[in-house]
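To keep things clear, I will list the structure first and then write my remarks on it.
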Amino acid sequence: MDYGTNVKPDSIRKLLQHQVAEQSKVCDVTLKSGRWTKRYHLHVLMESPFFQQAFRNNFQERHCGAVELHIGSPRTIDMAIMYLYGICPELNMNNIAQLLDLAEFFLLPNLKMLCFTWLQKVELLEVNVVDVLHLCSIYELNIPGVELFIEQRLLTLLKGDHLLTLCSESVANLFSDQRLSYVPHALKLKFISRWIRKRQNARMDQVAKCMTLIDIPRMIQEQRQPSNQQENCLLYSPSTGVLKLLAYSFIARKWYKLLVSAELKRTQFCKDKMSMDGCHLITYNDEENILIAHDLDKNKSKHIAVEYFKPFFKIISSKLVVKNGLCYLIQTERTKSYNSKSTLLMGHITPLCNELHLNSLLFFNGDVLKWCVNSSNLVAILTRASISTKPYHAATFFYNLLVYDSSSSTRFDVTHLIEDKLSDEVELYGIDQGFAVLNGCHISIVMPQHGPNAISGFVMMYIQREMDVLYSFIDNKCYKYSLRDLHHTLEETNVSDLLEHYAIPTKWQMIPMPEGLPFNSTYFKKLVHMSLQNTTLRCHFNCPHCELLDGEAKERTLTDKSLHLQTSTDSDTEDDDDFRDKSQDLQTCIDSSTCSDTDDDDDFLQQLISNN
């Protein structure tokens with residue numbers, strides 16, 4: 001006999017596999033499933049605790065040498081048994097459920113782990129995600145991303161048939177999740193009717209429970225409301241990097257996440273450098289003299305060139321505000337005498353204009369510390385001028401608070417009305433009729449007095465401030481923020497109620513803080529008002545569908561950067577166009593969800609509503 005080339009012992013697995021393939025007589029145990037039979041080795045089957053129990057005890061299988069199986073199919077049974085011979089099964093979505101059943105039945109933990117590992121790597125699709133979810137529920141498997149996949153694509157899945165096999169508990173969990181508020185109630189109701197009709201005899205007793213998940217009065221209100229109805233909201237940005245915007249609805253008393261275009265995402269949210277007018281968030285590039293109006297309802301951005309007379313001296317500060325279709329710009333320049341000179345400019349802005357011409361309205365001396373415009377288009381300006389009587393001596397500062405009425409081109413000095421001495425720490429806010437001045441321990445409300453044809457003067461009303469409480473005024477609302485015992489509190493009331501606090505105690509309404517998101521005094525000072533369409537207020541502040549859109553946008557951006565196919569400008573335009581397409585697809589899907597496919601569906605829906 002010659003010497004071999006391998007010093008390691010040969011594996012017996014190939015021999016055993018060959019014997020099973022040829023159905024050799026040494027295969028001494030027969031497995032049956034219906035008309036299918038196949039023989040295997042007893043000593044291999046004994047690796048399974050199931051067969052150990054069957055052949056070690058006095059069972060029928062021990063005497064006849066055959067085992068009758070009523071689980072799985074002939075092919076999956078053979079795949080599970082051949083796993084004991086060292087052959088891994090070819091897994092797919094058609095056999096994974098049966099192989100998991102057989103792994104449980106034969107008590108084969110390694111085969112179960114093999115199936116679990118395969119499920120973790122399988123690509124989730126709309127056609128298989130429900131099956132994967134069922135398997136996770138039955139076998140207590142934890143596969144990250146399965147539930148998130150459904151939550152992100154719930155609009156599409158509810159219109160299809162894949163979710164009709166869900167159990168009542170899964171349907172209840174989906175429809176009671178506040179994060180999925182982007183799904184309209186009409187679509188939920190339509191899905192429940194189809195879900196019940198899928199197995200009507202078994203699910204009719206679940207009708208009452210499922211109908212409690214649908215807010216039918218709100219659904220009817222949503223359908224009756226015009227899609228372009230505007231609603232005043234409180235806007236808040238919790239982000240420090242990529243811009244995110246949350247809007248608080250005073251009607252629903254909830255926070256919603258707003259869809260933000262690619263161009264706006266790169267904008268830093270800074271109240272002093274932004275202006276809000278209706279549904280438009282406006283930024284101004286003073287170096288290029290470009291005004292950018294971001295429409296949050298339509299998710300579009302428009303660039304408008306700003307033209308005005310350029311001063312001769314160096315501009316040391318510049319700020320632009322848009323209110324009620326009027327654009328205001330104040331620029332401060334340093335003259336040869338090192339004194340400051342400021343100019344107020346104004347121009348009309350329309351949705352169709354590509355150029356904005358600003359005209360000078362008012363000239364005044366001093367540095368502009370704070371200024372604002374109220375809803376009556378009155379401009380309040382706090383200035384500071386310095387006078388030095390002797391060389392090398394510290395300058396003396398003089399503060400002035402003036403109000404300019406653009407309708408009558410009248411200037412009013414209201415400095416004498418302020419009780420406390422003005423300083424750099426003064427906060428100035430525009431309210432509906434006048435202005436709020438936060439100075440020291442008082443809140444001064446400056447209100448105009450109207451004459452026969454125009455404003456004849458101003459009066460002052462004082463309100464005592466609470467200690468350790470921050471205040472902010474926006475239009476007709478007053479907000480206060482406090483932090484006591486590590487507990488943040490945000491409250492709001494109407495300015496008119498605040499002015500009547502001497503006769504009637506002011507009633508403050510609590511605003512719930514967004515859970516899991518940062519909020520402190522810095523964020524409080526950045527709160528602004530916007531007027532948005534009710535259809536824009538759709539997504540929860542942790543909306544999974546928005547996360548999907550953001551992820552897709554990031555992937556497209558990374559792909560464009562790596563391939564260098566386009567310039568940055570072209571890429572930005574394409575991102576915005578694709579973003580608007582996504583938003584329009586979402587709106588189209590929601591609009592179509594309110595329409596029934598057949599008359600039978602209409603009748604069944606009406607029956608569910610009337611009975612519940």
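Along the sequence shown, residues are numbered consecutively beginning with 1.
- The ring-ring contact (aromatic ring centres under 6.0 Å, His included) check on His488 picks up Tyr481, with sequence neighbours excluded.
- Within the structure, salt bridge (Lys or Arg N to Asp or Glu O under 4.0 Å) pairs that include any residue of residues 39-55 do not occur (at least two apart or interchain).
- A salt bridge is absent between Glu140 and Lys112; no separation between the charged side-chain nitrogens and carboxylate oxygens falls under 4.0 Å.
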For residues 80-93, dump all side-chain donor-acceptor pairs below 3.5 Å to protein atoms at least two apart in sequence or in another chain.
residue: Tyr83; atom: OH; partner: Asn110; partner atom: O; Å: 3.4
residue: Tyr85; atom: OH; partner: His41; partner atom: N; Å: 2.9
residue: Tyr85; atom: OH; partner: His41; partner atom: ND1; Å: 2.8
residue: Asn92; atom: OD1; partner: Asn94; partner atom: N; Å: 2.9
residue: Asn92; atom: OD1; partner: Asn95; partner atom: N; Å: 3.0

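- Heavy atoms only, all atoms of each residue included: Val129 and Glu126 are closest at CG1-O, 4.0 Å.
- Considering all non-hydrogen atoms of both residues, Glu547 and Asn542 come closest at OE2-O, 4.3 Å.
- Every residue was checked against the ring-ring contact (aromatic ring centres under 6.0 Å, His included) condition with Tyr256, not counting sequence neighbours, and none meets it.
- Closest non-hydrogen pair, Leu213 versus Val171, comes out as CD1-O, 4.2 Å.
- Distance alone, capped at 3.5 Å, places no donor-acceptor pair between the Ser48 side chain and the Leu45 backbone.
- In this structure, Phe519 and Phe524 have perpendicular ring planes: the angle between them is above 60°, well past the 30° mark.
- Taking the six-membered ring for Trp and the full ring otherwise, Tyr248 and Tyr236 have centroids separated by 6.0 Å or more.
- With contacts defined as side-chain heavy-atom distances shorter than 4.5 Å, the pair Ile143/Phe116 qualifies.
- Every residue meeting the side-chain hydrogen bond (donor to acceptor under 3.5 Å, both in side chains) condition with Thr76, not counting sequence neighbours, appears here in chain and number order: Ser73, Gln98.
- Under the rule for a salt bridge (Lys or Arg N to Asp or Glu O under 4.0 Å), the partners of Asp177 that lie at least two apart in sequence or sit in another chain are Arg179.
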